[in-house]
Amino acid sequence: MLELNEKEKQKIKVIEQVINKEITQKQASLKLEISDRQVRRLVVVYNKEGKEGFIHKNRGKVSNKKVSTEIKEKIVDTYINEYADYNFTHFYEEQGMKFGISFSAMNTIFQNNEIISPLAQHKTVKVYNERMKNAIKEQTISAEQKQVFEQRQKEEIEKHIRRSTLHYSFGEEVQMDAAFWIWFSNIETALHLAVDKATKKVLYGWFSKEETTESYMILLMNIILLYGLPQKIKTDKRSSFSVNNARSSKSKLNVTQFKRICEDLDIHLVCNSNPLFKPNVERENGTFKGRLKAELNHNHITTMEEANKYLNEIFISKMNERFSYDINPDKNVMQENTYSPEELNIIISIRTKRIIDNASSIKYFSKYYLPIDDETGEVMSFTKGTGCIVVNTYDKKLLCIINNELHSLFKIEKPEPKKYEKVEYDKRHIGHKPSSNHPWKNGH
């Protein structure tokens with residue numbers, strides 16, 4: 001005889017109370033949450049069959065709708081081996097209906113066999129990953145289930161690939177700025193950053209004691225070597241980029257060194273002091289303040305050299321992987337670098353106007369230099385007043401441009417001062433005494 005469950009026992013108890021006239025049929029219907037008519041039917045069943053009449057007639061029998069083990073195994077094998085990249089609805093439409101089962105039945109089979117859909121929600125994926133990792137550790141799953149698990153992990157990564165939704169292309173606009181902060185060693189330094197607007201990728205970074213033109217030249221040189229030449233660079237209006245009342249950019253008069261470099265490389269430089277003008281680099285400055293300082297301290301970095309190495313070799317690549325978009329080859333307008341390293345070394349330089357003096361030499365920072373013919377190695381002579389441009393190259397070599405020709409410079413060593421022997425004079429020496437017939441004595 002089958003045992004009664006709790007629900008059936010409760011029904012019998014209430015019906016017995018009705019039969020014993022302890023409660024009314026109306027009260028019984030409220031307790032059992034059924035109609036009065038159903039209560040009367042249960043009373044008839046109790047009188048005819050007793051307590052056994054309350055046991056469900058299908059109790060202990062196999063359901064006609066139960067899916068056989070053979071079909072379950074075939075569905076799982078078919079999905080794992082041939083259709084693992086299909087979502088459940090797609091698979092049911094293609095194959096599941098052929099087995100004569102409902103979608104919910106198929107879904108239950110997959111759940112019981114640790115299979116989830118490629119379109120599963122994040123919450124489901126999280127629970128699934130935890131179960132599968134434990135199962136792999138305990139070696140309680142088949143090789144096919146492990147293969148599906150690895151495929152689901154790959155699909156989850158691809159599902160969340162970051163793609164730029166902006167209308168900008170990579171290299172169309174690069175924003176530059178510097179942020180002062182005590183980044184390491186309790187010394188305030190300037191962190192220079194260059195950020196691409198389209199991909200939010202930090203292209204390069206550089207620490208220096210101050211915000212200098214030289215540091216921005218380092219940013220530009222490395223951007224060109226790593227990625228190419230951008231179309232536009234946005235900066236603020238500090239003196240490294242903008243000169244008030246610039247008269248003519250074509251003649252290079254009153255133009256900053258960095259602007260002259262951009263013009264030579266055909267890069268459009270735009271300056272504006274409004275922080276909203278370059279929001280991407282401003283946002284990266286804030287992100288770096290919240291993360292970079294902590295990592296530098298954690299890694300016991302105290303020198304500028306160590307900080308720059310860690311910044312560009314470890315930290316920036318890690319931040320780009322976490323926060324930036326991938327570069328879309330179809331939306332890449334970064335111009336390919338066609339300059340040789342020697343040409344870039346001369347273009348990205350500091351240039352200063354000088355005048356040749358009457359010794360055919362050039363004075364530069366209190367030192368004197370002579371132009372040299374690079375072919376013969378001989379000193380070249382020019383007339384006094386000849387115009388000259390001293391080129392301090394990216395790698396700190398000095399060259400000069402005279403009459404549109406490039407020459408090397410030879411430093412004139414300052415001669416050591418001559419040493420003279422000290423002459424001792426006789427303090428008793430008496431000066432010249434005029435003769436007695438000297439005109440001064442005669443009053444003439």
Side-chain angles (χ1 to χ4, degrees), residues 1-11 32-34 38 41-42 45 49 51-165 321-322 325-326 328 330:
M1 180 179 174
L2 298 174
E3 294 184 0
L4 296 167
N5 58 34
E6 293 299 324
K7 187 176 181 180
E8 292 167 344
K9 289 179 180 179
Q10 178 65 18
K11 281 185 179 180
L32 298 177
E33 296 182 351
I34 57 178
Q38 287 177 307
R41 285 178 178 174
L42 292 176
V45 170
E49 303 178 23
K51 295 181 179 180
E52 294 181 2
F54 287 80
I55 299 175
H56 198 280
K57 298 301 184 288
N58 290 330
R59 176 84 64 82
K61 296 180 181 180
V62 178
S63 174
N64 295 329
K65 297 182 180 180
K66 183 178 180 180
V67 181
S68 66
T69 304
E70 182 182 355
I71 292 178
K72 290 179 182 179
E73 292 177 352
K74 194 170 183 181
I75 289 175
V76 172
D77 291 341
T78 303
Y79 184 80
I80 290 178
N81 296 321
E82 300 179 33
Y83 296 91
D85 52 345
Y86 278 44
N87 64 61
F88 288 173
T89 303
H90 191 185
F91 175 75
Y92 183 75
E93 293 173 353
E94 294 284 335
Q95 296 293 323
M97 296 176 67
K98 297 179 181 179
F99 294 98
I101 61 174
S102 66
F103 177 80
S104 61
M106 183 196 73
N107 197 16
T108 302
I109 293 171
F110 286 154
Q111 288 178 0
N112 294 336
N113 286 272
E114 300 294 350
I115 300 173
I116 65 170
S117 169
L119 302 181
Q121 295 181 355
H122 179 71
K123 189 176 182 180
T124 304
V125 173
K126 186 176 180 180
V127 175
Y128 170 73
N129 289 341
E130 292 178 358
R131 289 204 308 265
M132 292 303 291
K133 287 177 182 178
N134 292 331
I136 291 172
K137 188 176 180 180
E138 297 172 0
Q139 298 182 351
T140 58
I141 62 171
S142 64
E144 291 79 7
Q145 287 176 312
K146 183 178 179 182
Q147 184 178 354
V148 173
F149 170 62
E150 293 173 351
Q151 182 171 337
R152 290 292 178 268
Q153 286 188 313
K154 182 180 178 182
E155 290 166 350
E156 187 68 14
I157 295 173
E158 293 175 350
K159 190 190 305 182
H160 297 285
I161 290 178
R162 294 172 60 83
R163 295 182 177 88
S164 174
T165 56
E321 184 179 356
R322 175 70 178 83
Y325 303 119
D326 292 334
N328 185 352
D330 298 329

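A side-chain hydrogen bond (donor to acceptor under 3.5 Å, both in side chains) check over residues 103-112, counting only residues at least two apart or in different chains, returns the pairs S102-S104.
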Can you list, pair by pair, the side-chain donor-acceptor contacts under 3.5 Å of residues 82-90, counting residues two or more places apart and other chains?
| from | atom 1 | to | atom 2 | distance (Å) |
| --- | --- | --- | --- | --- |
| Y83 | OH | Q95 | NE2 | 2.9 |
| N87 | OD1 | T89 | N | 3.1 |
| N87 | OD1 | H90 | N | 2.7 |

Contacts table for residues 125-136: side-chain donor-acceptor under 3.5 angstrom, sequence neighbours left out:
| from | atom 1 | to | atom 2 | distance (Å) |
| --- | --- | --- | --- | --- |
| N129 | ND2 | V125 | O | 3.3 |
| R131 | NE | E114 | OE1 | 2.9 |
| R131 | NE | E114 | OE2 | 3.3 |
| R131 | NH2 | E114 | OE1 | 3.0 |
| N134 | ND2 | E130 | O | 3.1 |

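For the atom pair CD (E33) and CD (Q38), the distance works out to 11.5 Å, reported to the nearest 0.5 Å. Between the NZ atom of K72 and the CZ atom of F99 there is a distance of 14.0 Å, given to the nearest 0.5 Å. Here T78 contributes atom OG1 and E73 contributes atom CD; the two are 11.5 Å apart, rounded to the nearest 0.5 Å. Here the straight-line distance linking atom CE of M106 with atom CD1 of I71 works out to 14.0 Å at 0.5 Å rounding. How far OG1 of T124 is from CD1 of I116: 7.0 Å, rounded to the nearest 0.5 Å. To the nearest 0.5 Å, atom CD of residue E8 and atom NZ of residue K51 are 12.5 Å apart.
S68 meets the side chain to side chain donor-acceptor pair (under 3.5 Å) test with no other residue; sequence neighbours excluded. Residues satisfying the side chain to side chain donor-acceptor pair (under 3.5 Å) criterion with Q10, sequence neighbours excluded, are absent altogether.
Between Y92 and I101, the shortest heavy-atom distance links the atoms OH-O, 2.7 Å.
Note: Y79 and F91 have perpendicular aromatic rings, judged against thresholds of 30 and 60 degrees for the angle between ring planes.
Put simply, the side chain of N113 does not reach to within 4.5 Å of the side chain of I80, judged on heavy atoms.
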